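Inspection log for the structure reproduced underneath, given as structure tokens.
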Amino acid sequence: MKKTVLVSGGAGFIGSHVTVELIEAGYDVVVADNFSNCDHTCFEGVKKITGREDIPLVEMDFCDAAAVKKIFRDYPIDAVIHFAAYKAVGESVEKPLMYYKNNLLSFMNVLEAAQEKGNFNVLFSSSATVYGEPDKVPVTEKTPRKPAISPYGNTKTMCEDILQDTVKASHGSVKGILLRYFNPIGAHPSALIGELPRGVPNNLVPFITQTAIGKRECLSIFGDDYPTPDGTGLRDFIDVVDLAKAHVFAVTRMLEGKMKKDCEIFNIGTGTPLSVMELVKAFEKVNGVKVNYRIAPRRPGDIIAIWADPTLANEEMGWKATRSIEETLAAAWAWEKHLAGK
Ligand code: UDP
């Protein structure tokens with residue numbers, strides 16, 4: 001029988017790509033979203049890409065415990081992938097309570113419903129932010145976590161702990177996987193779904209594409225005096241489609257009973273570092289466009305260099321990033337042009 005996966009925050013950037021990959025892998029998907037940080041563009045795109053008009057969409061807030069219980073009753077859900085969360089680092093410093101309340105409560109409601117249902121699988125979207133500025137790169141899953149710099153980062157660390165404690169207390173009834181994402185970028189090759197930041201983008205690639213298309217005047221490169229080969233920050237940029245596929249591997253692993261522990265952790269990255277400057281240059285080269293940029297002061301709270309050791313995900317889950325940075329940056333540009341109607 002077909003298995004059903006609930007994707008909370010499934011209309012957003014990563015959630016919509018995951019929904020596509022799950023459907024293409026043969027899963028039934030229930031998408032739930034409160035549309036607080038996205039519109040219906042990506043959900044419509046998902047329907048076009050998959051050719052499926054019948055994907056259930058539930059407009060709901062995961063902070064509403066009754067609504068969470070209801071969706072668990074209404075659909076025969078076998079696993080949940082939890083994305084529904086706020087994600088702007090700067091905003092979380094300004095409004096910590098908003099972040100703690102939303103990100104923790106929504107996840108606890110999911111876990112409560114999972115616990116009640118029993119024999120349930122929960123996949124949580126965590127982040128490399130839990131490693132802070134690592135003492136050694138690349139980071140493995142055993143690299144110690146560091147105290148979070150922002151309330152946003154802290155919600156990731158706290159949700160990891162909440163899941164691990166819940167799994168432990170459930171004695172096998174609730175199983176969990178934590179995927180720690182590095183820097184997800186790009187868009188679906190169809191250019192029908194992608195990142196849709198509201199207002200001025202915080203992240204590098206949307207800022208690059210918006211500058212290239214003329215929506216922004218100039219990209220600020222935050223710091224060129226870091227102790228790295230070219231002075232700019234080093235990151236592990238992971239294609240969002242590759243990242244989405246990692247979720248399919250993880251969910252399948254859970255549903256097929258292949259987990260080695262009741263709660264597992266995987267780094268989801270390429271394993272290859274790229275500097276901010278290298279990324280800008282690669283974008284210009286592959287797309288044949290100029291990106292107007294200037295060197296600006298360092299951004300407070302930025303990590304100097306972090307990239308993944310993805311060996312565990314490669315060997316244990318059988319997942320590996322396959323898309324080249326050129327393909328990824330071409331897809332990001334195609335998506336920006338699609339948005340501009342070009
Ligand atoms: N960055 C930049 N200009 C921008 C946005 C980001 O130079 O407008 C740099 C940032 O300082 C960091 C890298 O790009 O070194 C990735 O930043 P992003 O916000 O995309 O992700 P993070 O690694 O902070 O989660």
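Remember, it's 1-based here, ligands and their atoms both numbered in the order they're listed. Just so it is clear, the model here is predicted, and its values are computed rather than measured.
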Nearest neighbour in protein (non-hydrogen) for [atom]:
atom                    : value
atom 12 (C) of ligand 1 : R235 NH2, 3.5 Å
atom 11 (O) of ligand 1 : D302 OD2, 2.4 Å
atom 5 (C) of ligand 1  : N202 O, 3.5 Å
atom 20 (O) of ligand 1 : L204 N, 2.9 Å
atom 18 (P) of ligand 1 : N203 ND2, 3.5 Å
atom 21 (O) of ligand 1 : N183 ND2, 3.1 Å
atom 24 (O) of ligand 1 : R299 NH2, 3.1 Å
atom 7 (O) of ligand 1  : F222 N, 2.9 Å

Consider only side-chain N and O atoms of T232 and D224, and report whether a donor and an acceptor are under 3.5 Å apart.
no

In ligand 1, which numbered atoms sit nearer than 4.0 Å to a non-hydrogen atom of I221?
7 (O)

Using a 4.0 Å cut-off to any heavy atom of S220, which atoms of ligand 1 qualify?
2 (C), 3 (N), 4 (C), 7 (O), 8 (O)

Once you restrict to heavy atoms under 4.0 Å, what part of L219 touches ligand 1? Side chain, backbone, both or neither.
side chain

With heavy atoms only and a cut-off of under 4.0 Å, state how V276 meets ligand 1: side chain, backbone, both or neither.
side chain

Within-4.5 Å side-chain heavy-atom neighbours: V5 and D28:
no

Strictly under 6.0 Å, is that where the ring centroids of [X] and [Y] end up?
X    : Y    : value
F182 : W307 : no
H247 : Y181 : yes
Y152 : Y86  : no
F83  : F124 : no

Should V130 and V122 be regarded as members of a common hydrophobic cluster, given that ILVMFWY residues are connected when their side-chain heavy atoms come within less than 4.5 Å of each other, either directly or indirectly?
no

Could K260 and E316 be called an ion pair, given the rule that one side-chain N must be under 4.0 Å from one carboxylate O?
yes

